[in-house]
Amino acid sequence: MVDATEPPAVDVVPATPITLRRDATPGWEPDLPASLLLRRLLADRTAVIGLVILTVLVAAAVLAPWVAPHDPAAQDVLNKHAGPSGSHLLGTDQLGRDELSRLLWGARASLLTSMLLGTAVLVIGSAVGTLAGFVGGLVDAIAMRIVDVMLAFPNFLLVLVVVGSLGPGLFNLSVAFLLAGWVGYARVVRGLVLSARERPHVETARALGFRPARVVLRHVLPTVLGPVTVLWTVRSGQLLLALAALSFLGLGAQPPTAEWGSMLNSARDSLAVNPALMIYPGLLITVAALGFNLLGDGLRDILDPASR
Amino acid sequence: MNGPLLTVEDLAVGFPAAGGFVRAVNGVSLSLSAGERVGIAGESGAGKSVTALAIMGLLPVPPTVVTGAVRHRGKDLLTMRERDLRLVRGRSIAMIFQDPVTCLNPRLSVGRQVVEAIRAHEPVSRREARGQAIELLGRAGIPAPARRFDDYPHTFSGGMAQRVMIAIALSCGPEIVLADEPTTALDVTIEAQIVDLLVELCDEQQAAVMFITHDLALLARFADRILVMYGGRIMEQAPAPTIFRRTAHPYTRGLLSSVVRPDGAGGARLATIPGAPPSPLALPPGCPFHPRCVHAVERCRTEVPLLLDVSSAEHRCACHLAAELTPFDAAQPDPLGIRP
């Protein structure tokens, strides 16, 4: 049925430049100093649980060389598939390697890699996005067309192509994720910078004759930081899962490197004999991903009260 | 140096917006002498703020189109490179905006923001700048400035935040302060305090003030000279007493008769100007005020009136009927109670 009642032509109220200047980043409230935000974060149960999980896991990863009871690659074939004992708290794997040590070292390959990768992607993406958003014009147009092309290309395919041509391995896989991942940040950060640029305190900074670098670093970027932090936690969680998944498929970490995804893969053969070998890394991957998501949710609640 | 500090010649500003091309300023010429206090009055959308932003070179060009000239110390600010313009902004010409709380960076302490402004133009150490900042904040009327130095903007009220903004604007001893409706976002009760403070501090530093407001009565407090803008043009300009005593333009009269008088003089009902300001997307042909003007004749609808001398070169008015309508209609009530 055709709708007969067309809405009447409405006089468009002209947007004066004054109103253009007034709009703030929509939804993102807390323009509060970092100390206050931290206090709010610690009052948010979800965020604190996520933070605790990640802190424990990161501490384990960082301290692995000192706390791991055994060399994660040291084989003891005569003692394979051993149950928990005094010297092997979580038993041994199919090659007689200490499971606990491998899980601890695996945290480095899985968790630390994904966090570092998440950070690298953030830095590159934010740099491109900030430049595009702040400088505008031709720089913006070129950067965003590149982003468009990259986004039009299936991410997973890109990763497979890069790993396929460079060869499997944790480092090559990371390079592939880096190439594919910065794009998302660039787009988001550009949008945030565009709206932050119009905020009165940024205009005031320009009116005071500050250098562009100072305007960007001290006045634009801090207002962008909140949403970007949330994005970082979410993306790092996704990267952790993707790294583990591709390592499970044999594209990432190669034996004898301990990595949760590849440990899961090698445990497949002995599923019937020693199912614990699959449970431990699987559980850790799940818990770590949960930690990222909880922290991300908590951060979003704090920074964007409207989304609660 | 004699002669004007800043001259704006035939400034026009336009920019594309949803629904067409906005002509925000259409040929504004003005000048500002050292230490002078000039007030610009007009309704929303009259082009006051855009004029100030154009002087500062803060409009995004492109898409905004700015023509004319803004001369300061023999140089045209409109054609100046961004790098050189930065040395003028903050140091020679400072600007104060409307909503002080949003103009402060929410993530930096107030003191650091004053220090930042000082150090942007003066080669002083952090410690020296801190001392200067505390002194400035104190002069701007912040109680216990040393204690408030590390406080963040969200702990400041609007009035206190505007005092901070004034301190920041004056930190490098500018020759000119452009104040764009600095009291509009504040409580009426502290409006006068802030205006007095701004004028007093500018006087101390011998800085010229260009004060933009929609409140003509507020300008009576301190302005040497007043410009009335409408539809992106100057309608009338005159020394402050003249504009109140020998009002030439029908629009200025309309503004004056819509001022609330505490003693109730001027009739029980407050006079208003019928209609609304024209959309800068579609300015009427001829005089921009003619659709709302009770005196409008055929000529007003077709021909843009020029800004011509009324009684002297200091009093100028853009109205075809200026000669017939002056002197000021004696029957009209004296809206501000300042006429002799």
Side-chain angles (χ1 to χ4, degrees), chain A residues 9-25 28-39 133-138 140-141 194 196-226 303, chain B residues 13 15 17-20 22 24 44-45 47-50 53 56-60 62 64 82-83 85-109 112-113 116-117 120-121 152-154 165 168-169 171-172 178 180-181 279-282:
Chain A
V10 185
D11 277 340
V12 180
V13 180
T16 67
I18 301 103
T19 54
L20 286 179
R21 204 173 82 220
R22 302 228 61 80
D23 69 344
T25 322
W28 292 96
E29 184 225 339
D31 277 341
L32 293 176
S35 56
L36 262 183
L37 286 179
L38 190 67
R39 208 179 304 160
F134 194 76
V135 177
L138 198 62
D140 186 27
L194 278 181
R197 203 173 64 162
E198 306 294 332
R199 295 183 58 171
H201 76 263
V202 176
E203 187 159 54
T204 304
R206 293 210 300 136
L208 285 168
F210 293 168
R211 289 204 184 91
R214 173 171 285 270
V215 175
V216 170
L217 295 177
R218 285 288 282 277
H219 299 273
V220 174
L221 275 188
T223 62
V224 166
L225 221 54
L303 294 168
Chain B
V13 182
F15 48 87
V22 173
S44 304
K48 306 165 302 213
S49 299
V50 179
L53 290 175
M56 294 294 280
L58 286 175
L59 293 168
T64 310
E82 181 74 16
R83 193 185 304 169
L85 199 53
R86 226 165 51 220
L87 301 177
V88 176
R89 289 184 195 143
R91 182 193 277 171
S92 300
I93 310 179
M95 189 157 176
I96 298 171
F97 295 95
Q98 196 174 58
D99 189 351
V101 179
T102 60
C103 284
L104 287 164
N105 186 336
R107 285 157 206 278
L108 291 177
S109 77
R112 276 176 71 178
Q113 297 190 52
E116 194 181 23
H121 295 291
Y152 284 87
H154 70 276
M165 290 312 296
I168 288 175
S171 60
C172 293
L178 305 182
D180 184 5
E181 308 211 24
S279 156
L281 278 169

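Convention: sequence-line order gives letters A, B, ...; per-chain numbering from 1.
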What is the distance from atom CD of A:Glu203 to atom CG of B:Leu58, rounded to the nearest 0.5 Å? 5.5 Å

Quick one: salt bridge (Lys or Arg N to Asp or Glu O under 4.0 Å) partners of A:Arg39, sequence neighbours excluded? none

Could you name each residue pair satisfying side chain to side chain donor-acceptor pair (under 3.5 Å) that touches residues 211-220 of chain A, not counting sequence neighbours? A:Arg214-B:Glu116, A:His219-B:Asn105, A:His219-B:Glu116

Side chain / backbone / both / neither for B:Ala94 at chain A, heavy atoms under 4.5 Å: neither

Nearest 0.5 Å please: distance from the CG atom of A:Leu208 over to the CZ atom of B:Arg89. 10.0 Å

Any donor-acceptor pair under 3.5 Å linking the side chain of A:His201 with the backbone of B:Val101? no

When heavy-atom pairs shorter than 4.5 Å are enumerated against chain A, which of B:Arg91, B:Arg83, B:His121, B:Met56 gives the highest number? B:His121

Could you walk me through whether B:Met165 and A:Thr204 satisfy the side chain to side chain contact (heavy atoms under 4.5 Å, CB included) test, starting with their C-alpha distance in whole Å, then the side-chain angles of each, then the deciding distance to 0.1 Å, before giving a yes or no? CA-CA 9 Å; B:Met165 290 312 296; A:Thr204 304; 3.4 Å; yes

Given that the side chain runs from C-beta out, which part of B:Ile168 has a heavy atom under 4.5 Å from chain A: side chain, backbone, both or neither? both

